[in-house]
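See structure below.
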Amino acid sequence: MTSEIRQLADRLIKEHHLLREEYALLIDSRDEESAKYLADAAVAVRKKYYGNKVFVRGLIEISNICKNDCKYCGIRRSNKACERYRLTEEEILACADEGYRLGLHTVVMQGGEDGHFTDEVLCELIRKIKAQHPDCAVTLSLGERSRESYAKLKEAGADRYLLRHETADPEHYAMLHPAEMSFDNRMRCLRDLKDLGYQTGCGFMVGSPYQTTQHLAKDIQFIEEFKPEMCGIGPFIPHHETEYANEPAGSVELTCFLLSIIRLVHPRVLLPATTALGTMHPQGRELGILAGANVLMPNLSPVGVRKKYELYDNKICTGEESAQCIRCLATRVEAIGYEIEVGRGDFCS
Ligand code: SAH
């Protein structure tokens with residue numbers, strides 16, 4: 001680490017802000033020493049707000065049916081080899097009950113943009129979960145919807161919404177998505193969600209095709225400005241049935257470096273160590289936590305559908321029962337000196 005980079009790092013640690021070119025420089029000149037320096041600072045600032053607690057969210061993958069055709073995604077509509085499924089309302093409620101029985105106080109319902117899940121269907125589902133478990137937070141991750149729809153879901157009891165922006169650069173966005181999808185609508189959704197009072201999560205893939213350091217610097221700036229309550233970042237991993245099948249995956253090392261930067265830019269953000277990170281390295285999620293992440297999202301989906309929710313190749317945690325997944329995570333977290341927190345774990349404002 002040169003003295004110039006050391007100064008940049010110190011400014012970031014102190015001011016939670018750098019210029020775009022400075023973020024780019026920090027990323028491009030990273031080495032083991034600067035990564036360790038930023039990770040230590042990220043861990044220290046996280047500790048100030050969240051102690052050594054790692055929040056656990058139960059993830060239910062409610063459907064892999066999707067009307068969209070994102071070029072990187074294994075469940076894109078044009079993947080004819082994908083075996084489609086949709087959980088019934090009973091199955092979803094049973095997964096939520098199981099999560100609650102295992103002590104979790106957040107359920108995340110994620111899925112493709114499946115037309116079956118109208119506002120009426122979702123509102124009823126949210127109301128039922130909230131009626132059964134009033135002390136649970138309900139998080140949705142169901143893609144782009146109208147402002148009216150987001151408002152109704154909020155009204156029904158949804159607390160949080162995850163919608164990765166995917167890339168903060170409109171041209172890069174256009175490369176990764178088909179023409180009928182738009183950067184502007186993605187951003188409109190994020191603004192509406194925040195405006196409606198959701199704890200809102202954005203995020204992006206690290207190492208997605210065509211991604212440059214400039215794009216990453218823009219992503220960090222976007223996070224700085226948007227101030228999401230949550231931010232999901234994980235390595236891009238190719239899926240064999242997409243046009244990016246032979247593209248290289250994103251690296252664990254760069255993902256961890258960016259986790260540290262994001263923690264420093266936005267100290268209280270809820271930052272998951274993602275399943276994609278765990279897929280790329282046997283200790284990927286631990287490395288993420290040690291770089292500044294503080295959320296884990298064990299899978300509560302019925303074991304029978306887990307392999308079908310295949311966003312990318314070789315996804316981990318598709319074989320074990322939910323209880324086993326949670327136990328495994330608790331052991332891993334304790335091994336690195338952290339503690340599982342199963343409470344709602346809201347953004348600390
Ligand atoms: N349909 C919903 C949620 C499901 S996709 C939505 O659009 O928000 C959830 C996230 O998985 C996406 O936002 C994307 O960033 C990530 N993802 C998709 N394909 C991936 C891949 N090949 N590698 C890594 N992450 C991927």
Side-chain angles (χ1 to χ4, degrees), residues 57 59-79 82 84-86 108-117 122 139-145 149-150 153 160-168 172-173 176-178 180-183 185-190 192-193 198 200-211 215 219 228 230-252 254-255 258 272-281 284 288 297 299 301 305 308-316:
R57 324 297 198 190
L59 179 67
I60 310 173
E61 297 155 333
I62 66 172
S63 169
N64 70 354
I65 298 171
C66 192
K67 72 170 166 57
N68 283 336
D69 213 21
C70 306
K71 295 182 187 177
Y72 45 82
C73 185
I75 65 168
R76 63 192 305 229
R77 69 159 188 266
S78 64
N79 180 6
C82 174
R84 305 289 167 172
Y85 76 90
R86 173 189 296 137
V108 183
M109 288 190 270
Q110 190 182 79
E113 294 194 18
D114 176 351
H116 168 79
F117 289 102
L122 282 175
T139 304
L140 304 177
S141 178
L142 298 167
E144 299 174 20
R145 305 176 74 94
S149 170
Y150 290 144
L153 302 176
R160 311 181 187 140
Y161 205 104
L162 304 174
L163 185 75
R164 291 186 176 183
H165 63 286
E166 311 297 359
T167 168
H172 186 214
Y173 189 92
L176 298 176
H177 298 92
E180 73 265 16
M181 289 182 75
S182 92
F183 177 79
N185 194 51
R186 199 85 179 167
M187 289 293 162
R188 189 273 305 159
C189 288
L190 282 167
D192 280 344
L193 288 164
Y198 282 94
T200 304
C202 65
F204 60 93
M205 292 176 288
V206 177
S208 60
Y210 318 109
Q211 187 179 64
H215 295 149
D219 286 320
M230 304 163 288
C231 181
I233 79 163
F236 159 75
I237 304 174
H239 184 285
H240 63 283
E241 290 286 348
T242 65
E243 67 190 73
Y244 297 149
N246 298 315
E247 294 290 324
S251 81
V252 170
L254 179 53
T255 303
L258 293 166
T274 58
T275 305
L277 194 55
T279 298
M280 287 299 294
H281 187 290
M297 298 171 67
N299 203 323
S301 307
V305 305
K308 297 182 194 162
Y309 196 80
E310 188 185 50
L311 305 177
Y312 46 80
D313 288 344
N314 305 316
K315 196 178 123 195
I316 55 167

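Ligands are counted one by one from 1 in listed order, and the atoms in each one are counted from 1 as well. All values below come from the heavy atoms of this structure, side chains included, with hydrogens, waters and symmetry mates left out. This chain uses plain numbering: 1 for the first residue, then up along the sequence.
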| field | For Asp192, all residues meeting salt bridge (Lys or Arg N to Asp or Glu O under 4.0 Å), sequence neighbours excluded | value | Arg147, Arg188

| query | With no hydrogens and no angle check, is any side-chain donor or acceptor of Ser301 less than 3.5 Å from a backbone partner on Glu61? | reply | yes

| said: Quick check: closest heavy atoms across Asn64 and Lys308, and the distance to 0.1 Å? | reply: ND2-O, 2.9 Å

| remark: Contacts of Tyr309 meeting ring pair (Phe, Tyr, Trp, His ring centres under 6.0 Å) (sequence neighbours excluded), chain-then-number -> none

| request: Only counting residues at least two apart or in another chain, list the ones meeting side-chain contact (heavy atoms from CB on, under 4.5 Å) with Pro209. | output: Leu176, Phe236, Tyr244, Glu247

Starting from the N and O atoms of ligand 1, find every protein N or O within less than 3.5 Å and list the pair with its distance.
from, atom 1, to, atom 2, distance (Å)
ligand 1, 1 (N), Gly111, O, 3.0
ligand 1, 7 (O), Arg186, NH2, 3.4
ligand 1, 13 (O), Glu166, OE2, 2.5
ligand 1, 15 (O), Arg164, NH1, 3.0
ligand 1, 15 (O), Glu166, OE1, 2.7
ligand 1, 15 (O), Glu166, OE2, 3.4
ligand 1, 22 (N), Tyr72, O, 3.0
ligand 1, 22 (N), Ile237, O, 2.7
ligand 1, 22 (N), Leu311, O, 3.4
ligand 1, 23 (N), Ile237, N, 3.0
ligand 1, 23 (N), Ile237, O, 3.3

| task | Considering only NZ, NE, NH1 and NH2 on the basic side and carboxylate oxygens on the acidic side, decide whether Glu113 and Lys67 come within less than 4.0 Å. | result | yes

